[in-house]
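First comes the structure, then the notes that go with it.
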Amino acid sequence: MSLSKIKEIYHSTFPEAIEEPLYLYAFALLIFLAIILAVVRSFSRELIPVFADEEGLVKITPHALHELVKKTCDVFPEVNSPSTRIRLKGKELRLDIQLKVKPDCNVKETRASIRDRLEEIMVKNLHFTNFGGVDIVIKGFQTETEASRGTAP
């Protein structure tokens, strides 16, 4: 493509310029690069450091941490459908736990119980040195039919 052709496209209106194949190729390339970036990011899940001592470093995968939160929340009958977002602020690890609760659930007590249990597991048992706490997000309410079945939709 010549320089004059590029100048012509540059000075054309949007409807005229969009008809040029150059824009179509550039847009397709942009979409392709965005997909490649998303795939690379999904494969490069970082391991989360738990603690380090003279014998080495202990790390945990995000999947294992999600599983730990789910199994911890399964103990509490007043909550259902937990999902977790892991936030690393500097070196501090915080967990955002989204869950459904029964309408008659005492959220303050349940939050404290979940937090205490996770703290016990993560700090006392697994020796997390960077655990910063738990934030609860209520994403819905469990209906009576879900409660009797023990499942969520």
Side-chain angles (χ1 to χ4, degrees), residues 13-15 17-153:
T13 64
F14 180 75
I18 200 72
E19 291 178 6
E20 290 292 328
L22 174 68
Y23 284 107
L24 180 60
Y25 297 138
F27 183 71
L29 180 63
L30 179 66
I31 297 296
F32 178 72
L33 289 175
I35 292 170
I36 293 294
L37 180 64
V39 168
V40 167
R41 283 194 63 163
S42 71
F43 287 128
S44 66
R45 298 279 182 208
E46 285 193 31
L47 296 175
I48 299 164
V50 176
F51 69 90
D53 60 11
E54 60 278 346
E55 294 182 24
L57 181 64
V58 175
K59 296 181 179 183
I60 189 169
T61 64
H63 176 74
L65 203 50
H66 292 296
E67 184 179 336
L68 173 68
V69 171
K70 183 181 179 339
K71 288 185 178 190
T72 301
C73 289
D74 285 346
V75 173
F76 300 97
E78 59 272 4
V79 300
N80 199 356
S81 305
S83 61
T84 311
R85 191 180 83 135
I86 302 164
R87 288 186 297 148
L88 286 171
K89 284 188 170 182
K91 293 189 177 194
E92 184 180 77
L93 172 93
R94 288 197 67 82
L95 299 175
D96 288 339
I97 303 175
Q98 297 180 354
L99 42 83
K100 286 187 174 184
V101 296
K102 289 184 180 178
D104 60 347
C105 172
N106 184 329
V107 176
K108 190 172 185 178
E109 287 180 12
T110 303
R111 179 192 64 179
S113 299
I114 291 172
R115 183 193 64 232
D116 292 345
R117 181 66 183 138
L118 281 171
E119 234 175 72
E120 179 184 341
I121 292 169
M122 294 178 72
V123 176
K124 292 179 184 170
N125 297 350
L126 297 175
H127 302 285
F128 268 79
T129 56
N130 60 346
F131 184 62
V134 175
D135 296 314
I136 301 291
V137 177
I138 298 173
K139 66 179 179 180
F141 293 93
Q142 186 177 359
T143 63
E144 292 302 318
T145 56
E146 292 171 349
S148 65
R149 287 192 318 243
T151 61

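For the numbers below, each heavy atom of this structure counts, side chains included, while hydrogens, waters and symmetry mates do not. Quick note: residue numbers are just sequence positions, from 1.
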Give the intermediate values and the outcome of side-chain contact (heavy atoms from CB on, under 4.5 Å) for residues Leu65 and Met122.
-> CA-CA 10 Å; Leu65 203 50; Met122 294 178 72; 3.8 Å; yes
With Glu109, which residues qualify under side chain to side chain donor-acceptor pair (under 3.5 Å), at least two apart?
-> Asn106
Can Thr110 and Val101 be said to form a side-chain contact (heavy atoms from CB on, under 4.5 Å), step by step?
-> CA-CA 9 Å; Thr110 303; Val101 296; 5.7 Å; no
Nearest heavy-atom neighbours spanning Leu68 and Thr72 = O-OG1, 2.7 Å
What closest approach, in Å, do Cys73 and Ile97 show between heavy atoms, and which atom pair accounts for it?
-> SG-CG2, 4.3 Å
By side chain to side chain donor-acceptor pair (under 3.5 Å), Glu67 pairs with (sequence neighbours left out) Lys71
Heavy-atom closest pair (Glu119 atom, Phe131 atom, distance to 0.1 Å) is CG-CE2, 3.6 Å
Ser83 side chain to Leu99 backbone, donor-acceptor under 3.5 Å | no
What pair of heavy atoms forms the shortest contact from Cys105 to Glu78, and how long is it?
-> SG-CG, 3.7 Å
Could you give the distance from CG (Leu93) to CG (Leu95), rounded to the nearest 0.5 Å?
-> 5.0 Å
According to the salt bridge (charged side-chain N to carboxylate O under 4.0 Å, His left out) rule, which pairs have a member within residues 28-37, sequence neighbours left out?
-> none
Set of side chain to side chain contact (heavy atoms under 4.5 Å, CB included) partners for Ile31, sequence neighbours left out | Phe27, Ile35
Residue pairs meeting salt bridge (charged side-chain N to carboxylate O under 4.0 Å, His left out), one or both in residues 128-139, sequence neighbours left out, come to Arg87-Asp135, Arg94-Asp135
Mind checking side chain to side chain donor-acceptor pair (under 3.5 Å) for Glu120 and listing every partner two or more places apart, or none if nothing turns up?
-> Arg117
